[in-house]
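Every value quoted in this text rests on a predicted model; they were computed, and no experiment measured them.
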Amino acid sequence: MAGLGQPRLVESVFIGGGTPTYLNAGHLRRLLEGIHKWLPLRGDSPEYSTESTPESLDAEKAALLASFGVNRVSIGVQSFRPELLQALDRRHTSDQIPRTVEAVRRHIEELSFDLIFAAPGSTLETWAADLDAALEFEPQHISTYGLTYEKGTPLWKNRERGLAYAIGEDLELAMYEHSMDRLEAAGFEHYEISSFARAGHRCRHNERYWANEAYYGFGVGAARYVHGVRELNTRDTKSYIRKVLAEESPVFQSERLGPLDRAFETIGTQLRRADGIDRERFREQTGFELNDLVGETIALFAGTGLCINDAAGIKLTRRGKCVADGMIEQLMKSNPAPTA
């Protein structure tokens with residue numbers, strides 16, 4: 001953060017991914033002091049979020065976070081079932097969740113849960129039970145993510161060895177559709193592909209990502225998008241520490257996107273939102289007319305019931321939300337000259 005040279009006013013702060021609450025209270029205080037110095041928040045009610053896990057956050061740390069202005073905590077619950085937590089290789093137990101929620105609620109108003117569906121051994125019934133258990137805690141926000149097997153992770157290795165089995169696509173789709181039904185019935189707005197919020201409780205910080213607007217990023221593996229340049233820091237912790245202590249840049253990838261690439265990237269991020277892509281705002285943000293770039297493909301999607309395409313803009317239908325990644329991939333193919 002000191003590489004900024006001078007403090008920068010920001011509209012929101014989000015600490016994580018990763019799990020900053022694994023730090024002890026002293027180190028966590030140092031981190032919060034640094035953020036307070038270099039990234040002062042502006043506005044009357046700025047959003048200040050942190051990620052955590054049930055086993056890493058206690059009352060002392062919750063009080064410390066609140067004293068620095070943190071007003072939103074996202075807890076990586078993932079599941080309430082012991083066998084699924086074990087399958088997901090999580091460190092916490094289900095009985096730690098209520099204690100962590102209580103610690104947060106004593107000091108911090110906004111509570112969000114992260115849940116994972118399609119874990120090895122899960123069923124539609126176990127997923128429904130996880131959603132019901134989450135709702136009993138009355139969080140303001142819930143994010144649901146389908147499990148992905150990333151190469152090199154323990155889960156990926158177990159699948160390669162035949163020790164874990166991915167559930168079928170039809171079951172995974174049924175789980176996602178149940179998420180929409182159950183959470184919307186409970187009063188949540190499905191405002192982004194993976195995100196559900198009670199009225200007035202969207203994650204404003206993440207909305208900035210999905211709008212494809214500028215943001216800073218600091219730390220190992222962090223990404224940033226400032227002045228049209230997208231950068232990514234090294235993911236190697238030892239290399240990161242060595243470079244920063246030597247006052248060298250930890251950036252290992254930097255790319256200045258051209259206007260056309262920025263426009264297509266904006267399409268890909270904004271389509272994930274329930275608000276969709278507003279034609280006028282898109283033109284103001286990118287300098288392009290939406291129809292000139294992807295009009296034919298959007299018309300095809302609309303004709304098959306995947307999106308609503310009207311004079312105001314484009315929004316995914318329920319069916320479209322279920323295949324959004326494939327739709328976005330298809331739209332990106334309309335870019336005549338993507339950056340290599």
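M327 is not connected to L300 by any chain of hydrophobic side-chain contacts under 4.5 Å among Ile, Leu, Val, Met, Phe, Trp and Tyr, and they are in different clusters. When hydrophobic clusters are built by joining Ile, Leu, Val, Met, Phe, Trp and Tyr residues whose side-chain heavy atoms come closer than 4.5 Å, directly or via intermediates, M180 is grouped together with F113. Hydrophobic clustering of Ile, Leu, Val, Met, Phe, Trp and Tyr side chains at less than 4.5 Å, counting indirect connections, keeps Y191 apart from L316. Residues F14 and L39 do not share a hydrophobic cluster, defined by chaining ILVMFWY side chains whose heavy atoms lie under 4.5 Å apart. Both F68 and F218 are part of a single hydrophobic cluster, where members link through side-chain heavy atoms under 4.5 Å apart.
Looking at every heavy atom in both residues, H92 comes nearest to G76 through CE1-O, 3.5 Å. In terms of heavy-atom proximity, R204 sits nearest to P46 at NH2-C, 4.0 Å. Nearest heavy atom pair, residue W38 against residue G5, reads CZ3-C, 3.8 Å. Across M175 and S122, no two heavy atoms sit closer than the pair CE-OG, 3.4 Å. Heavy atoms only, all atoms of each residue included: R319 and G305 are closest at CB-O, 4.0 Å. The shortest non-hydrogen separation linking P7 to P40 is CB-CD, 4.0 Å.
Of the possible donor and acceptor atoms, one in the side chain of T286 sits under 3.5 Å from a partner among the backbone N and O of F282. Side-chain N or O atoms of E192 include one that pairs as donor or acceptor with a backbone N or O of S194 at under 3.5 Å. K61 contributes a side-chain N or O that, together with a main-chain N or O of L23, makes up a donor-acceptor pair within less than 3.5 Å. A donor-acceptor pair under 3.5 Å is absent between the side-chain atoms of R224 and the main chain of Y216, judged by distance alone. N71 contributes a side-chain N or O that, together with a main-chain N or O of Y48, makes up a donor-acceptor pair within less than 3.5 Å. A donor-acceptor contact shorter than 3.5 Å links the side chain of T266 to the backbone of R262. Not one N or O on the side chain of D132 forms a donor-acceptor pair closer than 3.5 Å with the backbone of W127. Judged by distance alone, the side chain of R279 and the main-chain N or O of D310 form a donor-acceptor pair under 3.5 Å. In this structure, the side chain of D130 engages the main chain of F80 through a donor-acceptor pair within 3.5 Å. With hydrogens and angles disregarded, a donor-acceptor distance shorter than 3.5 Å links the side chain of Q96 to the backbone of T93.
A salt bridge between D181 and R318 is present, with a side-chain N of the basic residue lying under 4.0 Å from a carboxylate O of the acidic one. Ion pair E110/R202 not flagged as a salt bridge, since none of the NZ, NE, NH1 or NH2 atoms sits closer than 4.0 Å to an Asp/Glu carboxylate oxygen. Checked for salt-bridge contact, R272 and D325 meet the test: a charged N lies under 4.0 Å from a carboxylate O. E189 and R198 are not joined by a salt bridge, as no carboxylate oxygen comes within less than 4.0 angstrom of a charged side-chain nitrogen.
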Decide side chain to side chain contact (heavy atoms under 4.5 Å, CB included) for L232 and V251; before the verdict, give the C-alpha distance in whole Å, the side-chain angles of both, and the deciding distance to 0.1 Å. CA-CA 6 Å; L232 188 64; V251 173; over 6 Å; no
Between T53 and L57, is the side chain to side chain contact (heavy atoms under 4.5 Å, CB included) condition met? List the steps. CA-CA 6 Å; T53 55; L57 183 58; over 6 Å; no
Is there a side chain to side chain contact (heavy atoms under 4.5 Å, CB included) between L155 and L147 once you walk through the steps? CA-CA 10 Å; L155 268 173; L147 178 65; 3.7 Å; yes
Start with the C-alpha distance between K333 and E296, add both sets of side-chain angles, then the distance that settles salt bridge (charged side-chain N to carboxylate O under 4.0 Å, His left out), and finish with yes or no. CA-CA 12 Å; K333 292 179 181 178; E296 291 185 8; over 6 Å; no
Quick one, H107 with L65, criterion side chain to side chain contact (heavy atoms under 4.5 Å, CB included). Give me CA distance, side-chain angles, the key distance, then yes/no. CA-CA 9 Å; H107 302 281; L65 290 165; over 6 Å; no
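In this structure, the separation between CD1 on I193 and OG on S143 is 12.5 Å, given to the nearest 0.5 Å. For the atom pair Q86 CD and L84 CG, the distance stands at 10.0 Å (nearest 0.5 Å). If you take NZ on K37 and CG on L4, they are separated by 11.0 Å, rounding to the nearest 0.5 Å. Here CZ of R242 is found 7.0 Å from CG of D236. Values are rounded to the nearest 0.5 Å. How far OG1 of T297 is from CE of M332: 9.5 Å, rounded to the nearest 0.5 Å. To the nearest 0.5 Å, atoms CD (Q270) and CD (E265) are separated by 10.5 Å.
Proximity of F264 to L293: side-chain heavy atoms (C-beta onward) are separated by under 4.5 Å at one or more points. Side-chain contact between R72 and S112: present, with at least one pair of heavy atoms (C-beta onward) separated by less than 4.5 Å. Contact check for R230 versus L257: side-chain heavy atoms found under the 4.5 Å cut-off. Proximity of S179 to L131: side-chain heavy atoms (C-beta onward) are separated by under 4.5 Å at one or more points. Looking only at side-chain heavy atoms (C-beta outward), W210 and D275 stay at 4.5 Å or farther from each other. No side-chain heavy atom of Y165 sits less than 4.5 Å from a side-chain heavy atom of P120. By the 4.5 Å heavy-atom criterion applied to side chains, L331 and I298 are counted as neighbours. The shortest side-chain heavy-atom distance between C203 and H141 falls under the 4.5 Å cut-off.
In summary, the side chains of E55 and Y22 do present a donor paired with an acceptor at a separation below 3.5 Å, with no hydrogens or angles considered. The closest side-chain donor-acceptor pair between T21 and S56 falls under 3.5 angstrom.
The environment of CZ in R91 is sparse: at most 12 heavy-atom neighbours from other residues, nucleotides or ligands sit within 6.0 Å. Heavy-atom neighbours of E329 CD from other residues, nucleotides or ligands within 6.0 Å: at or below the threshold of 12. Under a cut-off of 6.0 angstrom, the local environment of CD in E248 is crowded, with over 12 non-hydrogen atoms contributed by other residues, nucleotides or ligands. Summarising the local packing, CD of E184 is surrounded by more than 12 heavy atoms from other residues, nucleotides or ligands at distances under 6.0 Å. Other residues, nucleotides and ligands contribute only 12 or fewer heavy atoms inside 6.0 Å of the CZ atom of R30. Heavy atoms from other residues, nucleotides or ligands lying under 6.0 Å from CZ of R235 number 12 at most. Heavy atoms of other residues, nucleotides or ligands lying less than 6.0 angstrom from CD of E109 number 12 at most. More than 12 non-hydrogen atoms from other residues, nucleotides or ligands lie less than 6.0 angstrom from CD of E284.
Partner I75 forms a side-chain contact (heavy atoms from CB on, under 4.5 Å) with one of T50, I97, L111, D114 and no other, that one being L111.
Y149 carries R159 over the face of its six-membered ring, with the cationic atom under 6.0 Å from the centre and within 45° of the normal. Because its NZ or CZ atom is not both nearer than 6.0 Å to the ring centre of Y215 and within 45° of the ring axis, R208 does not count as a cation-pi partner of that residue.
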